[in-house]
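See below for the structure under consideration.
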Amino acid sequence: MSREDGRQGAGADAGEQLALIRASVRETKATRAKPRTWRGAEPAAELPVARVLVDKGLVHLDRYFDYVVPAAMDAEARPGVRVRVRFGAGEKGGRREGGKLVSGFIVDRVAESDFRGVLAPLAQVLSPEPVLTPGLLALCRAVADRYAGSLADVVQLAVPPRRARAEAKESPPPLPPNAPPEPGSWQRYAAGPGFLAALTRGDAPRAVWTALPGATWPDELARAAAATLAGGRGALLVVPDGRAAARVDAALTALVGSGRHVLLTADAGPEERYRRWLAVSRGSVRAVIGTRAAMFAPVDRLGLVALWDDGDAAHSDPHAPQPHAREVLIQRAVGERAGFLLGGVSCTVEAAQLVETGWAHPLTADRERVRATAPRIRTVGEGDEARDEAARAARLPSMAWQVVREGLRHGPVLVQVPRRGYAPRLACARCRTPARCRACAGPLESPGADDLVCAWCGRAEPDWHCAECGGARLRAQVVGARRTAEELGRAFPAVPVRTSGRDHVLATVPDTPALVVSTPGAEPVAEGPGYAAGLLLDGWALLGRPDLRAGEEALRRWLTAAALVRGQEAGGTVAVIAEPTLRPVQALVRWDPVGHAVRELAERAELGFPPVSRMAAVTGRPDDIAALLASAGLPPGAEVLGPVPLPVPDPGRPRRPGDPPPGESWERALVRVRPGQGAALAAALKAARAARLVKREGEAVRVRIDPPDLG
DNA sequence: AGCACGCCGACT
DNA sequence: GTCGGCGTGCTC
């Protein structure tokens, strides 16, 4: 439903309308104790009505509200500025009483309102800074629609909170464009130099870039930005974390100096971050490097959006409506006719789909170069017995132990250990094929001791047999490899052990022999040529996660770690403890993330999984879910899976928004639609949810488009 | 979400 | 006659 719905029909004509407005202002003057903000106000002579996006109140209705612009505010009340308005009061004894003062944004100035009642005046223009510019508003609108969310929620993500001191300072005029950069290491990709040239020329090329292993990708991303800047356009680079942002920032500064770009990350602090954001919004700076919140940065004349490592969960915003940076940047590339670069050492199924559908072109190096640049990969199955005494002490297969020992003679060795807290999933005890539902192919769970139930559709599976090998025994896959890493340190007593993990993340380690123990995503970059060897210990924990993406995610984390190890020509070797016949393990050995993603994509298409189909998750009390789905005009062919009970959140964990209230058991249904029906699905769920909120039928249900945790 | 209006039962 | 129960509907 569009925001125009629910508006009253055509009201008075223009003359009457103006008279009504004037009367309303006079009445306010006469009856109120004249607050300073509108004392003596006459409506502005031109376009006296401000269309306002109100920040509180009926966010779910997603409508604008019209207010009179007092003449005194005429100059400052431009579209995009923050305002305060009275909202939510009714009539009291025939007089207009002010409601609560709430803040909002002017989205437009118009000559007349189609509201038939008496308009209230703007209470205050908070700041003359036009922060919600028309372009940014259009982006927020598109993202809200895509994710069945409200415009106000998305605007809150897109526009940083105001800091008056930052606004007071003027931003310097933009520097003239730099000279185009040399292609540098982009030469290693056949299409690389052409891609940069197209960006400088002003074209909008789109590429999915499979980066060669090594530490050059920050420089390559920076060169793409520099090439865009050289053509007089802006660039936006989004990376998963502050560490990556700092590396790209250093690379871009080396290429174009300072003053042409800003770094938008959380660690700058709110005021400095807002100051930098303003520099972008004011057109003083045309390039942005940042973490996911930067995906909305209002870059002037956007020529390139780039995203690094879209498989990283940090790209999914945890705030409603939980937009993903990849989808937002796709929207921007289309809406603002900008170039698009999706890069990573690995490849997500979504990235593969962009190439398969022809929306983007592959940007890859040839196989020879990949083989030469990547380390040698050796696999060790779980069953391999440790023969050496020392290897047995470290609880390691002897080959893995040898790889570490050999590596330590030449430099640092990276050991990847799993993080705690991965839920085990059920798989065939003989061949390790995940146990899946015969009806909908969802993952099977074992809530009780014996019963098997599908986590998606709830169907019981009393007589499970493995689809691959016919085995009838299941095993839950659990690992505790952290201890192994500790024992590994004891096995090499002469070598320093450094750890990098959640609380203590190291950016770099020196190029000297050391054991560097890290959880996935926290791997330090080794100075010099890189790690001499790597040991990937978390195979079962990664592959055992009850998630559709388990294989893709395991491969991504392995490749990310292995990419920090020297190439095999320089003696780099990586040992991975995982069953060598598994598809992600084979893709690692061949260093073929694209092949893996393409096969996953084909399989998802066959099984009707996202991203080939589109899904939404609806969570809440069972009867509320049923009522919402019944009232929603779901697109034709929409399929409802479940609902099934939601796993009870860990009682030790503090309650997060989205968790069921204590004592209530919630369920989750999945709605699946055919490709191309995602927008219709989002619109239907949004409308149904809004209607129920208005009528106050039952408790609120949560709607999530593209749920990331598809068991 | 608030908050006011409105239409029915026990008080002064 | 009047206070107040909370059902229903609106917020520029």
Side-chain angles (χ1 to χ4, degrees), chain A residues 1-14 16-29 31-32 35 37-38 41-44 47-71 73-74 77 79 81-126 132 149-153 155-156 320 620 624 657 661 686 689-702:
Chain A
M1 147 170 140
S2 91
R3 64 191 172 281
E4 310 300 337
D5 296 353
R7 281 184 176 224
Q8 286 84 350
D13 69 33
E16 269 173 20
Q17 186 71 41
L18 199 62
L20 209 67
I21 292 163
R22 293 232 159 84
S24 106
V25 173
R26 261 197 305 278
E27 182 196 33
T28 310
K29 259 175 26 178
T31 54
R32 283 283 302 169
T37 42
W38 74 73
E42 277 291 304
L47 306 177
V49 175
R51 196 145 281 174
V52 174
L53 172 69
V54 177
D55 220 16
K56 293 226 170 54
L58 318 307
V59 279
H60 53 271
L61 281 185
D62 233 356
R63 290 173 39 203
Y64 298 136
F65 291 87
D66 291 346
Y67 287 82
V68 176
V69 180
M73 297 182 196
D74 183 30
V81 302
R82 293 179 221 253
V83 290
R84 307 269 286 167
V85 293
R86 299 206 170 265
F87 184 79
E91 307 272 322
K92 202 189 212 173
R95 306 173 175 182
R96 287 219 59 83
E97 274 294 314
K100 267 215 178 86
L101 264 182
V102 297
S103 51
F105 299 88
I106 297 183
V107 295
D108 203 3
R109 286 279 298 265
V110 292
E112 56 185 290
S113 171
D114 45 17
F115 180 60
R116 288 207 269 129
V118 179
L119 295 185
L122 295 175
Q124 188 189 357
V125 175
L126 272 176
L132 186 59
S150 73
L151 179 63
D153 280 348
V155 166
Q156 197 159 22
D624 291 325
K686 181 176 176 176
R689 210 171 84 92
R692 281 172 58 77
L693 282 167
V694 168
K695 288 186 248 164
R696 302 213 190 158
E697 288 171 357
E699 296 293 310
V701 293
R702 293 197 160 73

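If you're wondering where the values come from, they're calculated on a predicted model, not measured in any experiment. Just so we're on the same page: letters track the sequence lines, and every chain starts at 1.
- For the salt bridge (charged side-chain N to carboxylate O under 4.0 Å, His left out) test, residues two or more places apart in sequence or in another chain that qualify with A:D624 are A:R621, A:R692.
- Summarising the geometry, the separation between CZ on A:F115 and P on C:dC10 is reported as 11 Å, rounded to the nearest angstrom.
- Stacking of the aromatic ring of A:F65 onto the base of C:dC12 is not found under the criterion of centres within 5.5 Å and planes under 30°.
- What separates CG of A:D153 from P of B:dA1 is a distance of 13 Å, to the nearest Å.
- We find that CZ of A:R63 is positioned 8 Å from C1' of C:dC12, with the value rounded to whole Å.
- Between the CG atom of A:D62 and the C1' atom of B:dA1 there is a distance of 16 Å, rounded to whole Å.
- Side chains of A:V52 and A:L122 form a contact here, defined as non-hydrogen atoms less than 4.5 Å apart.
- The side chain to side chain donor-acceptor pair (under 3.5 Å) check on A:R109 picks up A:D74, with sequence neighbours excluded.
- Whole-Å rounding puts the A:R692 CZ to C:dG9 P distance at 17 Å.
- Nucleotide C:dC10 holds its P atom 23 Å from the CZ atom of A:R86, rounded to whole Å.
- Rounded to whole Å, the distance from OH on A:Y67 to P on C:dT11 is 10 Å.
- For the pair A:I106 CD1 and C:dC12 P, the interatomic distance rounds to 16 Å; values are reported in whole Å.
- For the side chain to side chain contact (heavy atoms under 4.5 Å, CB included) with A:I106, the lone residue among A:V81, A:L132, A:V85 that qualifies is A:V81.
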